[in-house]
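Below is one structure, written out as structure tokens, with a few remarks after it.
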2 protein chains.
Amino acid sequence: MTLHSHRLTDRDSPIADDGDEVRFCSACAFSAASMRAGYDKAALRDLHVLVEHVGPFRAGEHVFRAHDPFRAIFAVRGGTVKTVSVDADGNEQVLGFYIPGEVVGLNAIYPERYPCDAIALENSYFCRFSFPAISALATRMPGLQQQLFKLISKELGMATRLAGDHGAEERMAAFLIDLAERYATQGFPARRLHLAMSRNEIAAHLRLAPETVSRILGRFRETGLIALDVREVELRAPDQLSALARNVLGR
Amino acid sequence: MTLHSHRLTDRDSPIADDGDEVRFCSACAFSAASMRAGYDKAALRDLHVLVEHVGPFRAGEHVFRAHDPFRAIFAVRGGTVKTVSVDADGNEQVLGFYIPGEVVGLNAIYPERYPCDAIALENSYFCRFSFPAISALATRMPGLQQQLFKLISKELGMATRLAGDHGAEERMAAFLIDLAERYATQGFPARRLHLAMSRNEIAAHLRLAPETVSRILGRFRETGLIALDVREVELRAPDQLSALARNVLGR
DNA sequence: CAGTCAGGTTGATCTGGATCAAGGAAAGCT
DNA sequence: AGCTTTCCTTGATCCAGATCAACCTGACTG
């Protein structure tokens, strides 16, 4: 098999702190909105002062834990995280995977405690925003407020799609398409991706058995929809995949 | 069968416009937060001016439609609504049911279009809040901003629970417990409820077949967990139901 | 570099809930 | 009242995906 996906490393990631005192890490979920709105230096400085760079977290380390009091949200600067909720019987449910530029922890606002664990899947870095501080700032920066609303609402859309009734193949296709698109919007190649998560974790996300995930990926490979080398994926027929995912993604 | 649930009507509903020029409809999701925060008269007047009472909508009528541009959110003043998304193959998914005091339309913020239809299940009334206006106001009323964050985050929690992997009985139990608790927080009796929705709608919400919903309710009745007369439900053993729902509701 | 172990694949079997089918009961219409 | 329609229930069968089982692979360990 000659599939060489562009494995993300600390070195070649386009997402990183640019070291500039005034501007933000270029991919931060908040920077685009703030820049777009054309805020003055003072407001930008406020937002910048708010940020606390944290990490690295190594694979398997917790960024936050279920039941911890909610204090902050985390923008992924580099790496990948999963959020997981473990029920009384020990069943793990993966709520989501988060890649650079995305924000983790928004589901903790209402309960005022994190309702899940956040665990790094690989070496990962974050911008930590105190939630009281960022929402106070949002009061003076309507664009930031809007951005926060959008982020939570987007997350809500994701959860809703996941809740839908759909066949295993449809969900798997939707997972791949969605992930690829999210990487694409962050500036990564759109047709190749490295899966930072195990089959087990994909399964726990899509409420499938790991065996089913494996079989479906195998089938996708055999029918030429994807090229696959364990965790390296190339979308060979994105249109057919999208067609499969159509009902899940709602378009 | 001698089960007489307290059927909600326009007349006996505790939720209604109180007719006071200055205060809000007592159950409105925003009134509590605003009152609690102790805002001055001017701010309260702003919020009051913002509200537009709409309705009645009769059973089956649309409050908004999928793909319509997002302009407003709706607090249920009386009645019940469902939000439904219909995919390309005509499969209906019920995203949620909303009772008086709850807010519909928050999932439209990110896509900037309603991602679903909102349909009244019975005669229903709403407070309509222009979203641009209420979020502008939220800028001057941090408590209101916080309330909006919470509402969306709470909705996110709901969607997440729905997305979980769980047996049909667990999901059904969770549905009943959750609905009863929501009625209870709105001041209705905690152990008796009238289901405003059909078995089909419950099924489309819990991704079950209507037959399965019927069978499980029958089983709950036979095992004494509930008393049941078609749409009138009495929770006879709320603790056992809660135990069943435990893994779904996460506690 | 043999040994261990977690992760992945593949095959065989089982099962929870869907689907198909047939009536009953309540509500709206003429 | 009768008629129609929609909703609900109950029984019989079926199937997508879970579970059980076996083996493979590659990465880390002593």
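Chain letters run A, B, ... following the sequence lines, proteins first and then strands; every chain starts at 1. Only heavy atoms go into these numbers, but all of them, side chains included; no hydrogens, no water, no symmetry mates.
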Could you give the side-chain donor-acceptor pairs of residues 54-61 of chain A under 3.5 Å, partners two or more places apart or in another chain?
residue	atom	partner	partner atom	Å
A:E61	OE1	A:R58	N	2.8

Should the heavy atoms of other residues, nucleotides or ligands under 6.0 Å from OH of A:Y110 be counted, would the total exceed 12? no
Considering every strand and a 4.0 Å limit on heavy-atom distances, what is the contact class for A:R219: base, sugar-phosphate, or nothing? nothing
Tell me: CG of A:L206 to C1' of D:dG17, nearest whole Å? 13 Å
For residues 197-213 of chain A, the salt bridge (Lys or Arg N to Asp or Glu O under 4.0 Å) pairs (sequence neighbours left out) are A:K82-A:E201
Under a 4.0 Å N-O cut-off, is there an ion pair linking A:R191 with A:E234? no
Is a side-chain donor-acceptor pair under 3.5 Å present for B:S85 with B:Q93? no
Nearest whole Å is fine: how far is D:dG17 P from B:H166 NE2? 18 Å
For B:A159 and A:L156 the tightest heavy-atom approach is CB-CD1, 3.9 Å
Test side-chain hydrogen bond (donor to acceptor under 3.5 Å, both in side chains) applied to A:D165 - qualifying residues, sequence neighbours left out: none
Under the side-chain hydrogen bond (donor to acceptor under 3.5 Å, both in side chains) rule, collect the residues that match up with A:Y98, sequence neighbours excluded. A:E155
Under 3.5 Å, which donor-acceptor pairs link side chains of residues 67-74 of chain B to any protein atom two or more places apart or in another chain?
residue	atom	partner	partner atom	Å
B:D68	OD2	B:R65	N	3.2

OP1 or OP2 of D:dA18 under 4.0 Å from side-chain N/O of A:R207: no
Should B:M172 and B:T212 be marked as a side-chain contact (heavy atoms from CB on, under 4.5 Å) after you check the CA-CA gap, both sets of side-chain angles, and the distance that decides it? CA-CA 10 Å; B:M172 193 69 222; B:T212 305; over 6 Å; no
Applied to residues 168-180 of chain A, the salt bridge (Lys or Arg N to Asp or Glu O under 4.0 Å) test, sequence neighbours excluded, yields A:E169-A:R219, A:D178-A:R182
Atom CD of B:E201 and atom C1' of D:dC7: how far apart are they, to the nearest Å? 11 Å
Could you write out each protein N or O paired with an N or O of nucleotides 22-29 of chain D at a distance under 3.5 Å?
none

Which atom of A:P100 lies closest to which atom of A:G79, heavy atoms considered: CD-O, 3.2 Å
Expressed in angstrom and rounded to an integer, what is the separation of A:E170 atom CD from D:dG17 atom C1'? 14 Å
If you compare all heavy atoms of A:L95 against all heavy atoms of B:T160, which two are closest, and at what distance to 0.1 Å? CD2-CG2, 3.5 Å
Side-chain donor-acceptor distances from residues 242-251 of chain A under 3.5 Å, at least two apart:
residue	atom	partner	partner atom	Å
A:S242	OG	A:P238	O	2.9
A:R246	NH1	A:R251	O	3.4
A:N247	OD1	B:A88	N	3.4
A:N247	ND2	B:D89	OD2	3.0
A:R251	NH1	A:E181	OE2	3.3
A:R251	NH2	A:E181	OE1	3.2

To the nearest 10 degrees, how far apart in direction are the end axes of the helix from C:dC1-D:dG30 to C:dT30-D:dA1, each fit to five base pairs? 40°
Positional range of nucleotides in DNA chain C within the contact set of chain A, heavy-atom, under 4.0 Å: C:dG7 to C:dA12
Using a heavy-atom cut-off of under 4.0 Å over every strand shown, decide if B:A209 touches base, sugar-phosphate, or nothing. base
Below 4.0 angstrom, which residues in residues 81-97 of chain B have at least one non-hydrogen atom near DNA chain D? none
Work out which heavy atom in B:I177 is nearest to a heavy atom in B:L235; give both atom names and the distance. CD1-CD1, 4.4 Å
Protein-nucleotide distance (A:N200, atom CG; D:dT19, atom P), rounded to Å: 12 Å
Given side chains that start at C-beta, do those of A:V84 and A:C116 come closer than 4.5 Å, heavy atoms only? no
Between protein and nucleotides 9-12 of chain D, what N or O pairs are separated by less than 3.5 Å?
residue	atom	partner	partner atom	Å
D:dT9	OP1	B:R199	NH2	3.3
D:dT9	OP2	B:R199	NE	2.7
D:dT9	OP2	B:R199	NH2	3.4
D:dT9	OP2	B:S214	OG	2.8
D:dT9	O5'	B:S214	OG	3.1
D:dG11	N7	B:R215	NH1	2.8
D:dG11	O6	B:R215	NH2	3.3
D:dA12	N6	B:R215	NH2	3.4

